[in-house]
A.B. asks: 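The structure's right below; bear with me while I get my questions together.
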Amino acid sequence: MPELPEVETLRRDLRERVLGRTFVEVWVSPDAPRLVREQSPEEFRKALMGRRIDDIGRRGKYLDFILSDGQHLVVHRRMSGNFLHRRDGAGPDPYLRAVFRLDDGSELRYCDLRKFGSMWLVADPALVLAGLGPEPLDPGFTPAELERRVGHRAAPIKSVLLDQRAIAGLGNLYSDEALFAARIHPQRPARSLSRKEFRRLHGGIVAALEQGLRNRGSSLGSSLRDHVNLDGVPGSNQDRVQVFQRTGEPCYTCGTPIRRMRLGGRSTHYCPRCQPSGAMEARG
DNA sequence: AGAGTAGCCTGTAAGC
DNA sequence: TGCTTACAGGCTACTC
């Protein structure tokens with residue numbers, strides 16, 4: 001699923017490929033009525049035509065295309081959204097929901113099997129992005145900042161990590177990986193964590209995200225459903241995860257079978273030995 | 001205010 | 001074999 005490393009990988013690839021290009025035609029599938037949020041498909045098309053892509057940013061899991069008229073095309077891929085960059089005349093792609101033809105003859109195609117993805121064309125991106133928590137890879141994101149933002153909450157730490165208002169960009173995979181790296185049980189109430197544990201958790205979050213970035217993201221399902229790059233190629237971080245979707249397989253650190261539990265409505269994976277829940281062990 | 005959960009979607013896999 | 005059910009998870013909207 002696209003989390004921070006997958007969206008950032010896409011942002012970097014898009015900058016290489018489409019920066020400075022101009023939209024010459026835009027099509028939105030009538031089969032995706034919820035994709036464009038702020039205007040009708042026709043208004044969306046007219047507003048984009050002739051606009052140039054001046055820069056591409058990211059905030060949490062949102063992409064931000066900054067256009068030559070000052071407008072922002074903000075995109076969230078949710079679960080199964082992918083951009084593909086195709087030359088003119090390339091064959092069809094399944095689950096195609098929108099096409100952006102560019103002035104070099106290429107096409108930016110948006111494919112999304114589950115149709116959860118969203119696009120907003122807005123003058124002020126804060127309309128969409130306000131309320132997001134800090135960027136976990138920014139230098140200003142420190143263990144103290146993490147503790148200040150979530151240290152009072154009674155919910156399980158795993159649920160809090162998924163809350164985009166607390167920290168922007170973590171999803172199910174990188175939350176589980178960060179907690180394993182920090183040796184913290186996912187069910188621990190956030191407010192029960194010690195200062196030392198917040199330091200470990202901060203390090204775990206940064207390490208999990210940076211590993212994902214180094215491996216160009218994680219791609220777990222088939223390429224039709226999960227993250228791929230502009231050429232349809234998956235990332236490789238799924239081969240390096242420690243706990244995510246490894247239920248029953250031995251922990252790489254201690255050999256104990258990885259367990260799965262349900263938390264915050266999500267599957268949660270952890271090592272019961274490396275991530276102890278008891279008060280005695282938690283002090284470690 | 002904070003916590004928990006149904007619903008949005010579609011495809012895959014497990015169970016009977 | 002073929003049907004039904006559970007599951008996958010980011011986010012919003014809703015309830016308590």
Side-chain angles (χ1 to χ4, degrees), chain A residues 1-8 10 28-38 58-63 74-83 93-98 110-120 125 127-133 136 148-179 186-192 208-209 212 217-228 234-235 237-238 241 243-248 258-270:
Chain A
M1 316 301 139
E3 304 179 34
L4 188 155
E6 289 75 29
V7 180
E8 177 63 17
L10 174 65
V28 178
S29 169
D31 190 38
R34 302 165 57 86
L35 177 61
V36 177
R37 305 299 281 259
E38 295 293 322
R58 180 192 56 76
R59 182 80 174 86
K61 304 171 192 172
Y62 295 79
L63 270 180
V74 179
V75 178
H76 196 307
R77 301 158 62 193
R78 311 280 182 198
M79 241 81 95
S80 56
N82 275 310
F83 277 104
D93 285 299
Y95 311 111
L96 187 67
R97 309 301 182 201
Y110 179 75
C111 300
D112 188 352
L113 183 152
R114 295 173 74 178
K115 297 193 274 196
F116 285 172
S118 309
M119 298 187 182
W120 299 258
L127 186 77
V128 181
L129 307 175
L132 285 178
R148 190 182 70 75
R149 294 194 70 99
V150 310
H152 60 102
R153 293 181 55 169
I157 185 62
K158 164 66 185 278
S159 305
V160 171
L161 291 183
L162 292 175
D163 182 352
Q164 302 300 296
R165 296 167 305 172
I167 309 160
L170 289 175
N172 209 31
L173 186 152
Y174 293 99
S175 296
D176 281 2
E177 294 297 308
L179 286 168
Q187 212 164 17
R188 294 270 308 282
R191 67 182 179 201
S192 77
L209 294 174
S218 307
S219 312
L220 279 141
S222 82
S223 64
L224 293 177
R225 301 195 307 170
D226 218 323
H227 161 79
V228 291
N237 196 55
Q238 65 279 6
V241 294
V243 290
F244 191 71
Q245 291 190 2
R246 293 195 64 241
T247 311
I258 300 301
R259 277 194 206 160
R260 195 188 107 174
M261 68 187 301
R262 200 101 183 138
L263 261 186
R266 300 286 167 259
S267 280
T268 297
H269 313 79
Y270 66 103

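Throughout, a chain's letter reflects where its sequence line sits, starting with A, and its residues are numbered from 1. Treat the numbers as computed from the prediction; the structure is a model and nothing was measured.
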A.B. asks: A:Leu132 has an atom CG; how far is it from atom P of C:dG10, in whole Å?
C.D. replies: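 Taking CG of A:Leu132 and P of C:dG10, I get 14 Å after rounding.
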A.B. asks: Can you name the one residue among A:Glu6, A:Glu3, A:Gln245 that meets side-chain contact (heavy atoms from CB on, under 4.5 Å) with A:Ser218?
C.D. replies: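 Answer after filtering A:Glu6, A:Glu3, A:Gln245: A:Glu6.
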A.B. asks: I'd like to know if A:Arg77 and A:Asp112 make a salt bridge, using a cut-off of under 4.0 Å between side-chain N and carboxylate O.
C.D. replies: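 Looking at A:Arg77 and A:Asp112, the cut-off is not met.
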A.B. asks: So what does A:Arg266 touch, heavy atoms closer than 4.0 Å: a base, only the sugar-phosphate, or nothing?
C.D. replies: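 Here A:Arg266 touches the bases of the nucleic acid.
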A.B. asks: Looking at the side chain of A:Arg153, which of B:dC9, B:dA3, C:dC11 is the nearest nucleotide?
C.D. replies: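 Looking only at side-chain atoms, A:Arg153 lies closest to B:dA3.
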A.B. asks: Could you check whether any side-chain N or O of A:Glu177 sits under 3.5 Å from a backbone N or O of A:Phe244, counting only pairs where one atom can act as donor and the other as acceptor?
C.D. replies: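 Yes, A:Glu177 side chain to A:Phe244 backbone: donor-acceptor pair under 3.5 Å.
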A.B. asks: Just to be sure I understand the rule, does A:Arg260 reach a base, reach only the sugar-phosphate, or reach nothing, if contact means heavy atoms closer than 4.0 Å?
C.D. replies: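 Sugar-phosphate contact only - A:Arg260 comes under 4.0 Å of backbone atoms but never of a base.
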A.B. asks: Rounded to whole angstroms, how far apart are CE on A:Met79 and P on C:dC11?
C.D. replies: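 Going from CE in A:Met79 over to P in C:dC11 covers 9 Å.
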A.B. asks: Please map the stems of DNA chain C, keeping only stretches of three or more Watson-Crick or G-U wobble pairs with both distances under 3.5 angstrom.
C.D. replies: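 In DNA chain C, stems of three or more pairs: B:2-8 with C:10-16, B:10-16 with C:2-8.
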A.B. asks: Just the rounded figure in Å: distance from C1' of B:dG7 to NZ of A:Lys115.
C.D. replies: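 Checked: the NZ to C1' distance equals 15 Å.
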A.B. asks: Less than 4.0 angstrom between a side-chain N/O of A:His76 and OP1 or OP2 of C:dC11, yes or no?
C.D. replies: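 Yes, such a contact exists.
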A.B. asks: Hey, is CZ on A:Arg259 packed in by over 12 heavy atoms from elsewhere, all under 6.0 Å?
C.D. replies: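 Incorrect, the count does not exceed 12.
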A.B. asks: Report yes if at least one side-chain N or O of A:Gln164 is closer than 4.0 Å to OP1 or OP2 of C:dC11; otherwise report no.
C.D. replies: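 For C:dC11, OP1 or OP2 has a side-chain N or O of A:Gln164 closer than 4.0 Å.
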A.B. asks: So, A:Asp163 and A:Arg153, do they make that salt bridge, N to O below 4.0 Å?
C.D. replies: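 Here A:Asp163 pairs with A:Arg153 in a salt bridge, since their nearest N and O are under 4.0 Å apart.
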A.B. asks: Give me the distance, rounded to whole Å, that separates B:dG11 from C:dT1 when you measure between the P atoms they each carry.
C.D. replies: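 Between the two P atoms, the distance is 23 Å.
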A.B. asks: Would you kindly give the CE-to-P distance between A:Met119 and C:dG10, to the nearest whole Å?
C.D. replies: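 Distance, rounded to whole Å: 19 Å.
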A.B. asks: Tell me: CG of A:Asp163 to P of C:dG10, nearest whole Å?
C.D. replies: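 Taking CG of A:Asp163 and P of C:dG10, I get 13 Å after rounding.
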A.B. asks: When you look at A:Arg34 and A:Ser118, which way does the side-chain hydrogen bond (donor to acceptor under 3.5 Å, both in side chains) test go after all the steps?
C.D. replies: CA-CA 7 Å; A:Arg34 302 165 57 86; A:Ser118 309; over 6 Å; no
A.B. asks: Looking for any heavy atom pair under 4.0 Å, which part of the strands does A:Gly265 touch: base, sugar-phosphate only, or nothing?
C.D. replies: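 Nothing: the residue A:Gly265, judged by heavy atoms under 4.0 Å, touches no strand.
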A.B. asks: Can you check the distance between C:dC7 and B:dT5, where both ends of the measurement are the P atom (answer in whole Å)?
C.D. replies: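 Each nucleotide's P atom is 14 Å from the other's.
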A.B. asks: Which whole number of Å gives the distance between the P atom of B:dC9 and that of C:dA13?
C.D. replies: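 That atom pair is separated by 14 Å.
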A.B. asks: Rounded off to whole Å, could you give me the NE2-to-P distance for the A:His269 and C:dA8 pair?
C.D. replies: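 So the NE2-P distance, A:His269 to C:dA8, works out to 7 Å.
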A.B. asks: In whole Å, I'd like the distance from the CG atom of A:Asp31 to the P atom of B:dT10.
C.D. replies: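 Interatomic distance, CG of A:Asp31 to P of B:dT10: 7 Å.
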A.B. asks: Give a yes/no verdict on base stacking between B:dC8 and A:Phe116: centres under 5.5 Å, planes within less than 30° of parallel.
C.D. replies: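 The ring of A:Phe116 is stacked on B:dC8.
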A.B. asks: For side-chain hydrogen bond (donor to acceptor under 3.5 Å, both in side chains), just list the numbers for A:Thr268 and A:Lys158, CA-CA rounded to whole Å, side-chain angles, deciding distance to a tenth of an Å, and then say yes or no.
C.D. replies: CA-CA 8 Å; A:Thr268 297; A:Lys158 164 66 185 278; 2.9 Å; yes
A.B. asks: What does A:Arg77 touch in the nucleic acid at a heavy-atom separation under 4.0 angstrom: a base, only the sugar-phosphate, or nothing?
C.D. replies: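 No contact at all - A:Arg77 keeps every heavy atom at 4.0 Å or more from the nucleic acid.
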A.B. asks: Is A:Ser159 near enough to B:dA3 that one of its side-chain N or O atoms lies under 4.0 angstrom from OP1 or OP2?
C.D. replies: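 Answer no for this pair, as no side-chain N or O of A:Ser159 is under 4.0 Å from OP1 or OP2.
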A.B. asks: Calculate the interatomic distance between A:Arg246 atom CZ and C:dA8 atom P; express it in whole Å.
C.D. replies: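 So the CZ-P distance, A:Arg246 to C:dA8, works out to 17 Å.
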A.B. asks: Name the closest nucleotide to the A:Ala155 side chain, picking from C:dC11, B:dA3, C:dG10.
C.D. replies: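 The closest nucleotide is B:dA3.
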A.B. asks: side-chain contact (heavy atoms from CB on, under 4.5 Å) for A:Tyr110 and A:Asn82? Distances and angles first, verdict last.
C.D. replies: CA-CA 6 Å; A:Tyr110 179 75; A:Asn82 275 310; over 6 Å; no
A.B. asks: Determine yes or no for a side-chain-to-main-chain donor-acceptor pair under 3.5 angstrom, with A:Lys115 supplying the side chain and A:Asp31 the backbone.
C.D. replies: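 A pair under 3.5 Å: yes.
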A.B. asks: Whether A:Arg262 contacts B:dT5 is assessed here as follows: a side-chain N or O lying under 4.0 Å from the phosphate OP1 or OP2. Is that the case?
C.D. replies: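 Checking A:Arg262 against B:dT5: no side-chain N or O falls below 4.0 Å of OP1 or OP2.
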A.B. asks: For B:dG11, does OP1 or OP2 lie under 4.0 Å from any side-chain N or O of A:Tyr95?
C.D. replies: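 Yes, within the criterion.
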A.B. asks: What is the nucleic acid contact for A:Ser267, judged by heavy atoms within less than 4.0 Å: base, sugar-phosphate only, or nothing?
C.D. replies: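 It contacts sugar-phosphate atoms only.
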